[in-house]
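The next block holds one structure in the form of C-alpha cells; read it before the comments.
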Amino acid sequence: MDFTYSIWILLLPLISFLVIGLPEFVNKKYSWSHKTAGLIGTCSLGLVAALSYYTAFQYFTADRLADGTFATFVPYNVTWLPLGHLHFDLGVLLDPISVMMLIVISTVSLMVHIYSFGYMHGEKGFQRYYAFLSLFTMSMLGLVLATNIFQMYMFWELVGVSSYLLIGFYYTLHAAVHASKKAFIVTRFADMFFLIGILIFGYYTGSYNFSFAGHVEYLNGASAFTIADSARALAAGGMILPTALVLMFIGGAGKSAMFPLHIWLPDAMEGPTPVSALIHAATMVVAGVFQIARLFPVWIEYAPQALEVVVIVGAFTAFYAAAVACAQSDIKRVLAFSTISQIAFMMVALGVCLPGHHGAALDNHAQLGYMASMFHLFTHAMFKACLFLGAGCIIHAVHSNEMSAMGGLRKYMPITHITFLISCLAIAGIPFFSGFSSKDEIITACFEYSPLCGWWMTGVAAMTAFYMFRLYYGIFWGTENKELHAHHTPHEAPVTMTFPLVFLSIVTVGVGVVTTLGGFCDWSWASFGSIVSAAGTAYTVHFDPQVAATSTVIAILSIALATYIYKGEKQPIADKLYATFPRLHRWAYKRFYMDEVYQFVTHKILFRYVSRPVQWIDEKIINGLIDFTAWGANEAGETIRPWQSGDVRQYAVWFITGTVALTLLLLCL
C-alpha cells in the first residue's frame with residue numbers, strides 16, 4: 001500500500017505559511033491582499049483535509065494483519081542526527097490514532113480557516129493571522145505523525161511557538177501580550193520535564209521509539225529506525241521508565257492545562273475566537289492526551305501503577321475546572337474551563353487502564369478506557385469547536401464576551417442557537433448526541449477501576465450539564481439587554497461563519513446517532529473501537545445499561561435544574577444562592593485564587609528568597625571575581641609597563657643586574 005503522498009500533508013501547510021508569511025515579514029509592500037491570503041491558506045487546508053480523508057479511507061479499509069491489528073506504516077523516514085547507537089529520525093508514521101488525529105486536526109482547522117474569512121474580515125494583520133494558522137496546523141500535524149519521541153518533542157515546541165504567536169495576535173493590547181507570555185512560560189516550564197523524561201528514556205532504553213515492538217512496515221524510500229531490544233528496556237525497569245514517563249506526563253499536563261499547570265488556558269482566550277476553537281478546544285490541548293496514548297504500550301507494560309498519577313491529576317482537574325465554570329460570566333472562559341474539564345476526562349480514561357486481570361496484557365477493561373479516551377477526543381473536538389465558533393458569532397453580534405450583554409438571542413440568531421444547543425446536548429451526555437457515547441464509556445471504565453472514581457466522574461458530568469445549560473440560557477434565553485440591543489441590534493453571522501457551525505453540528509448528531517444505536521444494538525461496524533483500540537484489534541462497545549441509564553438521568557436532572565434556575569426573565573433562585581454563598585461564588589469566580597497563589601509564590605518567595613540571592617551572588621561574587629581578575633591583569637600590566645620603556649640604558653641596567661644576580665646565585669650553590 002502506497003502512502004508516500006502523505007508527506008504532503010505536512011508540506012502543504014508549511015508551504016502555505018511561507019507563501020503567505022514571507023512577503024508580510026520581508027516587505028509589506030509585496031504582501032498579499034486579505035482575500036488572496038485567506039484563499040491560499042484555506043485552499044491549502046482543503047487539500048490537507050482531502051489527503052487526510054483519503055489516507056483514513058485507504059488505511060481503515062485495508063486488510064488487517066494476521067493477528068487482527070492494523071499495520072503500522074512508515075512511508076517516509078530519514079536519519080536527521082546520528083549520535084552513536086542513538087539517532088534522531090524525522091518521518092511520517094501512520095497507525096490508527098495518528099490517522100484519526102489527521103481527521104480531527106484537518107477538519108477543525110479547515111472549518112476555522114473558512115470561519116475566519118468572516119470573523120477576521122477587515123482586521124489589521126489578516127495575512128499574518130493566516131500564516132500563523134498554517135504554521136500551527138503544520139506543527140500539530142507533525143506532532144501526531146512523528147515516528148519517535150524526539151520528533152514529537154520538536155513539533156511539540158513548534159506548537160508552543162505557534163500558540164504564542166496566535167494568542168498574542170492583538171499585540172497592541174496588554175492583556176493579549178500578557179496572556180501569550182503566560183502561556184509560553186507555563187508550557188515551557190512543563191516542557192522542561194518532558195525533555196528530561198525523553199533524555200532518561202533514550203539513555204536507558206537506547207531508543208526514542210514509542211514502543212519496543214518491531215511490527216512496522218517501511219514503504220518506498222523509508223529507512224528503518226532503531227528498535228530497542230525489549231530485554232534492554234526491561235533491564236532498565238524499576239523506577240527508571242516510570243520516572244521517565246511521569247516526567248513526560250508533566251509536559252503533557254502543561255500542554256493540556258491540567259491542574260496546577262492550567263493557569264495559562266483561561267487567559268489564552270485573549271486571542272481571536274477562531275484561535276480559541278483551533279488551539280484551545282480541539283487540537284493543542286489534547287497533545288498531552290495524545291502523548292500518553294502514543295506511549296501507552298510502554299506505560300501499560302513497564303509502568304502500569306504510575307497511571308494512578310494520571311487518574312488523580314485528571315479527576316481533581318475535572319472537578320476543579322467544572323466548579324470554576326459554574327461561576328464564570330465570560331462565555332469564552334466558561335468554555336475554556338469546560339475544555340480543561342473534558343481533557344481531564346480523557347486523561348482519567350487513559351489512567352484507569354490497567355493490565356488484564358487474568359494475566360493478559362490487555363483485557364476489555366484496559367481496552368475500554370483507552371478507546372473511550374480517544375473517542376471522546378474525537379467527539380469533543382467537533383462539538384467544542386462548534387461551541388467556540390458559536391461563541392465567536394455571538395461576540396460578533398453583541399460586541400461583548402459577558403453574558404450580561406446577551407439574553408434572548410435565540411430570536412436574532414436562529415442558526416447559532418440551534419447549533420449551540422446541539423453542542424450543549426452533546427457535551428451534557430444526552431443519548432443520540434456524540435458526547436453521550438464517549439463520556440458514557442469513560443464513566444463505565446471509571447466504575448471498573450473504582451466505584452469512587454466512577455461516582456466522582458459521574459458527579460463532574462452532572463456539573464458539566466448544569467454549567468453548559470447555565471451558559472445556554474444566559475445567552476439565548478434569560479433577560480435580554482434591551483438597552484444594549486437597541487443601540488446595536490444582534491444579527492445572524494454571515495454564511496462563512498455559520499457554515500462551519502452547521503457542518504460540525506451535523507457531525508456531532510450523525511456520530512451520536514450511529515454510535516448510540518451501535519452501542520445498544522451491538523453493531524460492531526458502528527463502534528469506534530473497531531478502528532481505534534488499545535490492543536489494535538477490533539473492539540466492539542457494549543453499553544452498560546445501568547451506567548448509561550444513571551448518567552442519562554443525572555444529565556437530564558442537571559439540565560432541568562439549570563432550566564429551572566436560569567431560563568426565566570429573572571433568576572431569583574440564582575440571586576438568592578449568590579446572596580447566601582457570596583464567598584463561595586467569589587472563590588469560584590476568581591478560580592480559587594490560583595493566579596494569586598502563583599503570583600505570591602513567584603514574587604514573594606522565589607523572586608525574593610531565590611532570585612535576589614542568586615542575583616547578589618552573580619553580581620557581587622561571580623561578576624566581582626571576573627572584575628577582580630580584569631583589575632589584577634590591568635594592575636600587573638601597569639606594574640611591568642616601565643620594563644617596556646624603550647630606554648636602552650635601562651635595559652642594560654636590568655640585564656647587568658640580572659646577570660650579576662644569577663652569577664651570585666650559581667656561586668652560592
Review item, side-chain donor-acceptor pairs of residues 612-633, under 3.5 Å, at least two apart:
unit_1: Q615; atom_1: NE2; unit_2: E619; atom_2: OE2; d: 3.2
unit_1: T629; atom_1: OG1; unit_2: L625; atom_2: O; d: 2.9

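Interatomic distance, H178 NE2 to D267 CG, rounded to the nearest 0.5 Å: 5.5 Å.
Note on ring orientation: taking the six-membered ring where Trp is involved, the planes of Y208 and F88 are tilted (angle from 30° to 60°). By the 30° and 60° cut-offs, the orientation of the rings of F319 relative to W456 is tilted. Taking the six-membered ring for Trp and thresholds of 30 and 60 degrees, Y130 and F126 have ring planes inclined between 30 and 60 degrees apart.
A ring-centre distance under 6.0 Å is found for Y320 and H262. Aromatic pair F581/H585: ring centres not closer than 6.0 Å.
Using a 4.0 Å cut-off between a side-chain N of Lys or Arg and a carboxylate O of Asp or Glu, K255 and E157 do not qualify as a salt bridge.
Heavy-atom neighbours of F169 CZ from other residues, nucleotides or ligands within 6.0 Å: above the threshold of 12.
Remark: the T147 side chain and the D89 side chain contain no N/O donor-acceptor pair separated by less than 3.5 Å. Under 3.5 Å, the side chains of E123 and Y170 contain a donor-acceptor pair of N or O atoms.
Considering F184, W264, Y171 as possible partners of Y164, the one that fulfils the ring pair (Phe, Tyr, Trp, His ring centres under 6.0 Å) test is F184.
Proximity of F136 to S109: side-chain heavy atoms (C-beta onward) are nowhere separated by under 4.5 Å.
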